[in-house]
Amino acid sequence: MRVNFIVPSWHHLANPFLHQPYWELYHSTILKKNFKDNKNFELIVTDLRSKKDFQNDCIKDADIFFYWIFKTADAIECYNHVKNLKKQFPKSLHVAGGTHVETMHEECVNKFDSIILGPGEPSFTNFIKDFEKKETKKIYKESWREHQFNDYSFADRSFIDDSKIVNRDLFSQYGNLLSTMTYFSRGCMFNCAFCTLNIPRGLQIRSGKNISLEIKYLKEKYKIEGLLLKDEVAIHPNKKVSKEILDAISEHDIVWRGQTTTHATLDQLKHAKDSGCVELAVGIETVDNNVMKLINKDWQSEKQIKTFLENTKKLGIKTKGCLIFGLPGEKEDILEKTINFIKDNEIDFANVSGLCPLPGSTIFEKAKEYGVKFVDKDWGKHGHLIYRFGDEDDIGLPFEYSKDTPWGKSLPRETTLNNIKKMQEWLASNNKSY
């Protein structure tokens, strides 16, 4: 029995090798362990990040093909893989899980032989066991609460070439350190109206012991010097939890950067700095307080943002402000206000994205309440990095507002596109993007 875990091309990223297919590697690690005594079991990972156009000879034959669709923008490509591979290998079965599958399960149940709702750790294994008994089910569903991230091993990266695991670009601003990425937690405790990364609800944290073991593994096998934490909240609001995580990182001589919230206190930020933190991204999202309320992020005030930025500056931690254009309630002066906010608060770097009403987000589910009249269901257009890497980008802002909305007059889509383009140009010319 051969199982082939497919990593899609990540066509929506300018450089898909800046990050690694963590979740595919993570689930493959669990399967490898669970079936290590089965001599008839073979598992491979097919990394298509260098293949933007599907080619049949890129993918080896298998009895079972697995997919983990973490980003909606990858969904159409995965659907096409199923269609093409079914023609080539008619007896093959195709199974998918991930955020997109969970939020669009009615669509996905018709695209795959089986789908996974909830955590994949038990379900991929259960599918294989059912396959051996010829008793596979259409839907495999488990509870996130009963399967914690810390209950399983970190991802074994050896399924793909070392050159696709480490690079010197992730820390290009900090000496081109040999680096890679990981997750020390998954999920989020907040419910921002534009986001789907709060699946599972709440943060599932790895223990300090397991974090230390993974960093040791990455240093010994890949000689890493820098580590990008892809966690939604790298500095946990609970001081006891954040201390355990930062203490574990401190044991190893590495630098790191990640994303957190403006809840991080001065003491927590100092601990992060002492553990090797050189940069923190923070979800500012918007500089308009009314917009902040509309997107269900009124727990974050302008004062709180400024205090966070002042504290990081005191400690010498670089900051990256994450901003979104196209949010409900934006006014005509949003571009000018955003530039002035970055200048006034001396933010080191900024990422500006276009809003994507992703399936599962509140804005998608309650589109009319937000004045959205149209969302493009071509999921391949649901990237958010529009214009960040050139004026020819056409992946992003896949929706339109009604002219008159429950929150007032909307900005035309063309205006938002122009704001994004001008913002990206300003950031590039001021060395505030990378």
Side-chain angles (χ1 to χ4, degrees), residues 12-14 71-73 192-197 281 283-298 300 302 320-343 347 349-430 432-433:
H12 45 93
L13 298 180
K71 297 285 187 180
T72 287
C192 301
F194 58 85
C195 189
T196 60
L197 296 177
I284 295 171
E285 320 307 359
T286 180
V287 298
D288 187 306
N289 288 330
N290 290 326
V291 176
M292 197 80 81
K293 293 177 183 177
L294 285 170
I295 62 173
N296 197 32
K297 202 164 182 175
D298 50 357
Q300 177 172 261
E302 184 175 346
K320 179 186 287 184
C322 299
L323 297 147
I324 303 173
F325 278 3
L327 292 169
E330 284 182 350
K331 304 299 182 186
E332 292 184 356
D333 63 348
I334 190 65
L335 175 63
E336 180 183 2
K337 284 181 68 174
T338 302
I339 290 175
N340 288 336
F341 187 89
I342 293 171
K343 288 179 178 178
I347 297 173
F349 308 107
N351 282 346
V352 177
S353 303
L355 173 66
C356 277
L358 293 166
S361 69
T362 306
I363 292 177
F364 180 89
E365 301 298 334
K366 299 181 179 180
K368 288 186 178 180
E369 294 181 24
Y370 285 91
V372 175
K373 72 173 183 180
F374 166 77
V375 177
D376 197 326
K377 299 298 176 64
D378 180 350
W379 306 127
K381 295 180 180 178
H382 279 244
H384 60 89
L385 305 181
I386 190 164
Y387 298 139
R388 188 174 301 179
F389 302 104
D391 292 346
E392 302 304 316
D393 290 345
D394 61 356
I395 299 174
L397 220 68
F399 75 102
E400 288 185 29
Y401 288 114
S402 298
K403 185 176 180 181
D404 296 301
T405 75
W407 39 265
K409 295 282 185 183
S410 66
L411 292 181
R413 183 173 184 272
E414 292 72 21
T415 299
T416 300
L417 284 169
N418 190 50
N419 284 342
I420 295 171
K421 184 177 287 189
K422 287 183 177 179
M423 189 75 237
Q424 302 289 24
E425 290 172 352
W426 183 86
L427 291 172
S429 64
N430 286 274
K432 290 189 176 294
S433 61

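For Glu365, the salt bridge (Lys or Arg N to Asp or Glu O under 4.0 Å) criterion is met by no residue, not counting sequence neighbours. Remark: Asp376 engages Lys381 in a salt bridge (Lys or Arg N to Asp or Glu O under 4.0 Å) (not counting sequence neighbours). Judged as a salt bridge (Lys or Arg N to Asp or Glu O under 4.0 Å), and not counting sequence neighbours, the contacts of Lys320 are Glu279. Residues meeting the side chain to side chain contact (heavy atoms under 4.5 Å, CB included) test with Pro406, sequence neighbours left out: none. Qualifying salt bridge (Lys or Arg N to Asp or Glu O under 4.0 Å) partners for Lys409, counting only residues two or more places apart in sequence or in other chains: Asp404. Here Leu197 pairs with Phe70, Cys195, Glu232 under the side chain to side chain contact (heavy atoms under 4.5 Å, CB included) rule; sequence neighbours left out. For the side chain to side chain contact (heavy atoms under 4.5 Å, CB included) test, residues two or more places apart in sequence or in another chain that qualify with Glu336 are Asn340. Among residues two or more places apart in sequence or in another chain, the side chain to side chain donor-acceptor pair (under 3.5 Å) test is passed with Lys432 by none. In terms of the side chain to side chain donor-acceptor pair (under 3.5 Å) criterion, Glu400 has no residue partners (sequence neighbours excluded).
Between Thr416 atom OG1 and Ile324 atom CD1 the span is 12.5 Å, to the nearest 0.5 Å. The CD1 atom of Ile342 lies 9.0 Å from the CG atom of Asn430; values are rounded to the nearest 0.5 Å. Taking CZ of Phe194 as the start and CG of Leu294 as the end, the distance is 12.5 Å to the nearest 0.5 Å. The line from CD1 of Ile334 to CG of Leu327 is 8.0 Å long, rounded to the nearest 0.5 Å. Note: Met423 CE to Glu425 CD = 10.5 Å, rounded to the nearest 0.5 Å. For the atom pair Glu302 CD and Ile284 CD1, the distance stands at 10.0 Å (nearest 0.5 Å).
Sorted by first and then second residue, the pairs that involve residues 358-382 and meet ring pair (Phe, Tyr, Trp, His ring centres under 6.0 Å), not counting sequence neighbours, are His100-Trp379, Trp379-His382. Evaluation of the side chain to side chain donor-acceptor pair (under 3.5 Å) test over residues 285-294, restricted to residues two or more places apart or in two chains, returns Glu285-Lys297. Sorted by first and then second residue, the ring pair (Phe, Tyr, Trp, His ring centres under 6.0 Å) pairs involving residues 400-419 (not counting sequence neighbours) are Phe399-Tyr401, Tyr401-Trp407.
Checked by atom type and distance alone, the side chain of Gln424 never pairs as donor or acceptor with a backbone atom of Ile420 at under 3.5 Å.
Residues Leu323 and Phe341 form no side-chain contact, since every pair of their non-hydrogen atoms from C-beta on lies 4.5 Å or further apart. In this structure the side chain of Leu13 never reaches within 4.5 angstrom of the side chain of Lys71, judged on heavy atoms. Residues Pro328 and Ile295 form a side-chain contact, since some pair of their non-hydrogen atoms from C-beta on lies under 4.5 Å apart. Two residues are said to be in side-chain contact when any heavy atoms from C-beta on lie closer than 4.5 Å; Cys356 and Pro398 meet this criterion.
Taking every heavy atom of both residues into account, Glu332 and Leu411 meet most closely at CG-CD2, 3.7 Å. Taking all atoms of both residues into account, the shortest heavy-atom contact from Ile363 to Pro357 is CG2-CB, 4.1 Å.
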- [ ] Carefully, step by step, assess Leu397 and Phe325 under the rule side chain to side chain contact (heavy atoms under 4.5 Å, CB included).
- [x] CA-CA 9 Å; Leu397 220 68; Phe325 278 3; over 6 Å; no
